[in-house]
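Written below as structure tokens is the structure these notes are about.
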There are 2 protein chains.
Amino acid sequence: MATRTDAPTRREQILKEAARLFAERGFHGVGVDEIGAAVGISGPGLYRHFAGKDAMLAELLVGISGQLLTGAKLRLKEAAAAGGEDGTAPETVLDSLIEGHIDFALDDRPLITLHDRELDRLRESDRKLVRQLQRQYVELWVDVLRKVYPALAEPAARSAVHSVFGLLNSTPHLGRRGALPGRGATAELLHRMARGAFAAAGSPARA
Amino acid sequence: MATRTDAPTRREQILKEAARLFAERGFHGVGVDEIGAAVGISGPGLYRHFAGKDAMLAELLVGISGQLLTGAKLRLKEAAAAGGEDGTAPETVLDSLIEGHIDFALDDRPLITLHDRELDRLRESDRKLVRQLQRQYVELWVDVLRKVYPALAEPAARSAVHSVFGLLNSTPHLGRRGALPGRGATAELLHRMARGAFAAAGSPARA
DNA sequence: CCTCCAGGTTAACGACCGCTAACCTCCCTG
DNA sequence: CAGGGAGGTTAGCGGTCGTTAACCTGGAGG
């Protein structure tokens, strides 16, 4: 995950601004002129970089899903490598997944917003691809979760994962009104709550 | 909360279908002709019932926020009445709030979707009203939550509430792919997870 | 039976928006 | 220094969409 140090390309500028605008006002609520203006060029100049407005959204959504998935796979691999004989404790792997998702949710709020909001605006093929990536990501979480809580049935585990995604992806609703002290505290709170939610899902016993 | 038995008025039909369509394809992604077609009339016939497309969205969003808030207030009042001298246990009140929110999230998924997705499409005045109702609703939860977990600071409590809303509002993402057995089981799972998340937020102690 | 209005209809206008066409400049390279 | 491509520009076309206008109709009320 070598942190980029070189200047962002024009394409990347456009994608970033488009993501922000799409998240703020919705895909159909933003015109190409606005996107162009946000990067200092105007209107149809965008077509030197993208085939069309749809292509920008597609690249954003595929990028998000892919990034989440490959990040998670990487973390699994690291855990397997560091764990020696019989792998790392499942709890540790789950924590790693949660941490990765939180980092993404806090660093790229517009993308997180787009991720579950504008999927249906894609052409059939792109939508299928994104959904497939999303499904893989979910299944990966489900597997780890069921190692931590073996009593959890698969459908319930899948629901639990989706619900925790909802919890972690709530970050866009937090800011705005002088919410939490800092990023670290927010991340830690979210992490604790996710673990708490999973624990409650995994052990039906309650007074 | 006397359950309606009489037939829905045309206005209500329109609102219901509009909510579904807006949730599926976004406010700007749906045309008035489509909304009309969904209730058997076509296009501009809608203007006999609403001043415009914006008015439908406004009525939907104000209705949602209002319904959530008044429902919650009612539950608080019931709890106070049933609790005798020093009120019901805060835990019970919190459970009641959670239950109410889950009922709404499961029964009116399209509305839940709209609720945090299309707020910015409203005119200034309507948006302010909706935000005010939402804020009251949140503050009501925060108050109850901090009675259950007095160690929880107010900003953290507010964040926790928003996050649990994210968790509970994840219901639209559940269905579709043969998820959970039934509504009852889903509701119970969500409830346990919400309590677990709150508990984890309220007591920072962890091994 | 006449009236009238609630609740429709179709036609059409005006605005907006995505996209293309045609043209203009640097700047890099042989 | 010729030239050519990368990356802009503005003008404008074609389609869509929200909204209005003008007209129609069935049924309730005097």
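Numbered from 1 within each chain, the chains take letters A, B, ... in sequence-line order. Since the structure is predicted, the reported quantities are computational estimates derived from the model, not experimental observations. Reckoned from all heavy atoms, side chains included, excluding hydrogens, waters and symmetry mates.
One finds a side-chain N or O of A:Arg10 lying less than 4.0 angstrom from the OP1 or OP2 phosphate oxygen of D:dG8. Regarding contacts with the backbone of D:dG8, a side-chain N or O of A:His49 is found under 4.0 angstrom from either OP1 or OP2.
Note: B:Trp141 and B:Phe198 have tilted aromatic rings, judged against thresholds of 30 and 60 degrees for the angle between ring planes.
Using a 4.0 Å heavy-atom distance criterion, A:Gly45 is classed as a base contact. At a threshold of 4.0 angstrom between heavy atoms, the contacts of B:Val39 with the nucleic acid are absent. Contact annotation for A:Gly43: no contact, since no heavy-atom pair falls under 4.0 Å across all strands.
A:Leu46 has its CG atom 17 Å from the C1' atom of C:dA21, to the nearest Å. Spacing between atom NE2 of A:His28 and atom C1' of C:dC16 amounts to 13 Å, rounded to whole angstrom units. One can place OH of B:Tyr47 at 17 Å from C1' of D:dA22, the figure rounded to the nearest angstrom. As a whole-Å value, the separation of B:Arg48 CZ from D:dT19 C1' is 13 Å. Rounded to whole Å, the distance from CD1 on B:Ile35 to P on C:dG8 is 15 Å. With rounding to whole Å, B:Met56 atom CE is found 9 Å from D:dG18 atom P. Remark: P of C:dC16 and CG of A:Asp33 are 12 Å apart, rounded to the nearest angstrom. Spacing between atom CZ of B:Arg11 and atom C1' of C:dG7 amounts to 14 Å, rounded to whole angstrom units.
With values rounded to the nearest 0.5 angstrom, B:Ile64 atom CD1 is found 6.0 Å from B:Leu60 atom CG.
Distances from the side chain of B:Ile41 to the nucleotides C:dC19, C:dT9, D:dT9 place C:dT9 closest. In the set D:dG7, D:dT10, C:dT9, D:dT10 carries the atom at the smallest distance from any side-chain atom of A:Pro44. Side-chain proximity of A:Lys53 to the nucleotides C:dT9, D:dG18, C:dC19 is greatest for C:dC19.
Ring-centre distance between B:Phe165 and B:His101: below the 6.0 Å cut-off.
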Dump the intermediate steps for salt bridge (charged side-chain N to carboxylate O under 4.0 Å, His left out) on A:Lys16 and A:Asp108, then the final yes or no. CA-CA 10 Å; A:Lys16 185 180 163 193; A:Asp108 299 286; over 6 Å; no

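At a threshold of 4.0 Å, the pair B:Glu188-B:Arg192 counts as salt-bridged, since one of the basic side-chain nitrogens sits closer than that to a carboxylate oxygen.
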